[in-house]
There are 2 protein chains.
Amino acid sequence: MRISTKGRYALCVMLDLAQNGTDGCVALKDIAERQNISKKYLEQIMALLNRQDVIKTVRGAQGGYKLARTPDRYTVAEILKLAEGSLAPIDELDDPSAPQAADWQLMYVWQGLYSAITDYLEGITLQDILDHNAQGFDYII
Amino acid sequence: MRISTKGRYALCVMLDLAQNGTDGCVALKDIAERQNISKKYLEQIMALLNRQDVIKTVRGAQGGYKLARTPDRYTVAEILKLAEGSLAPIDELDDPSAPQAADWQLMYVWQGLYSAITDYLEGITLQDILDHNAQGFDYII
DNA sequence: TACTATACCTACCTTTTTACTAGGCTTTAT
DNA sequence: ATAAAGCCTAGTAAAAAGGTAGGTATAGTA
């Protein structure tokens, strides 16, 4: 039940764009350095996000990325789903054509879990995260 | 964010024991056939469950497994956590000693997600699943 | 007592996924 | 013209997933 690093990085990048891209665009190099993530790996994640309409790019020197919408119009669910491919806890919820005997009696549990996850993640926008962090809560664990 | 087959099988086995182990014990061979799961693989999962106090075994001929408690005293969360090792969506929630820069600002999202997942799964017992299926709801998707 | 059915244990193995790295091509501001 | 950016495709090492194989230990039954 782990979120992959791809999903975590995607969300992290989007948040970085929300914070640092208010005027103009942000170079991937800077994001990679700020967040301590491999730039080359990030490139692939950007390509993923780019294929949908979530970010805009500016090519050439002084180019970079920026958000396609305001931060309040992205949910965490949308971004994670894009990066991860799916948020469903079991295959059958995405691909009903391949039922497994072992899951038969448990489908309602999996469906409920799926709802619990998506309901929560759809309830949080990038703006919510910005606001939350602005309030000075430190989540040092 | 997928539940592994190990987790799905573990829950499935526990449910099978709840249904078929009311009098005496249940042989793994029968469970494997009923649920269409490799018996050899199930052996390993039973060993996992056995190390905690969740099932009892009867060795020798006519032996098998039975639940250690009544079905209403198992939550889905407990079983899945045992099989999967953890239900946390990111490593840091289990191992706070290895913080990643990229997750810093997102910890509250991950903690909330973790809570959403465990709250849901702790709210469902094996008995709840039995009752639900007894009501004749078919979850054919 | 022998036989058989069961659980238990350890090792190995194949495939898939993850998380990158490498290197070149394209675009554009200066 | 040059340099700084993004774009694209391929390769790859390590880990995890999902098993298989084969033997040992235990106990009920004939």
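To find a chain, count down the sequence lines: A is the first, B the second, and so on, and within it residues start at 1. Just so it is clear, the values below take in all heavy atoms, side chains as well, and ignore hydrogens, waters and symmetry mates.
With distances taken from any side-chain atom of A/Asn50 to the nucleotides D/dG19, C/dC20, D/dC7, the minimum falls on D/dC7. Taking the side chain of A/Glu43 as heavy atoms from C-beta on, and the options C/dT4, D/dC7, C/dC8, the nearest nucleotide is D/dC7. When distances are taken from the side chain of A/Ser38 to each of C/dA5, C/dT21, D/dG19, the shortest belongs to C/dT21. The side chain of A/Gln62 lies closest to C/dA29 when the candidates are D/dC7, C/dA29, D/dG28. Checked against C/dA19, C/dA5, C/dA7, the side chain of A/Thr5 finds its nearest nucleotide in C/dA19.
Between B/Arg8 and A/Ile90, the shortest heavy-atom distance links the atoms CD-CG2, 3.4 Å. The heavy-atom pair separating A/Trp110 from A/Pro89 by the smallest distance is O-CG, 3.8 Å.
A residue-by-residue look at B/Arg51 and A/Val58 shows that B/Arg51 has its nearest nucleotide of DNA chain C further toward the 5' end. Across the interface with DNA chain D, nearest-nucleotide mapping of A/Gln44 and A/Gly64 shows A/Gly64 to be the residue nearer the 5′ end.
Rounded to an integer number of Å, the gap from NZ of A/Lys40 to P of D/dC7 is 12 Å. A/Asp91 places its CG atom 9 Å from the P atom of D/dG18, with the value rounded to the nearest Å. In this structure, A/Lys29 atom NZ and D/dG6 atom P are separated by 10 Å, rounded to whole Å. The nearest whole Å value for the distance from the CD1 atom in A/Ile37 to the P atom in C/dC20 is 9 Å. Distance OH (A/Tyr41) to C1' (D/dC7): 18 Å, rounded to an integer number of Å. With rounding to whole Å, B/Arg59 atom CZ is found 10 Å from C/dA7 atom P. Distance B/Tyr65 OH to C/dT6 C1': 9 Å, rounded to the nearest Å. Atom NZ of B/Lys66 is separated from atom C1' of C/dT6 by 15 Å (rounded to the nearest Å).
The side chain of B/Ser4 contributes no N or O atom lying less than 4.0 Å from OP1 or OP2 of D/dA16.
At least one donor-acceptor pair under 3.5 Å links the side chain of B/Tyr74 to the backbone N or O of B/Val54. Judged purely by atom type and a 3.5 angstrom limit, B/Gln105 has no side-chain atom pairing as donor or acceptor with the backbone of A/Ile129.
Within the 4.0 angstrom heavy-atom criterion, base atoms lie near B/Gly60.
The aromatic rings of A/His132 and B/Tyr108 sit parallel, their planes meeting at an angle under 30°, below the 60° perpendicular limit.
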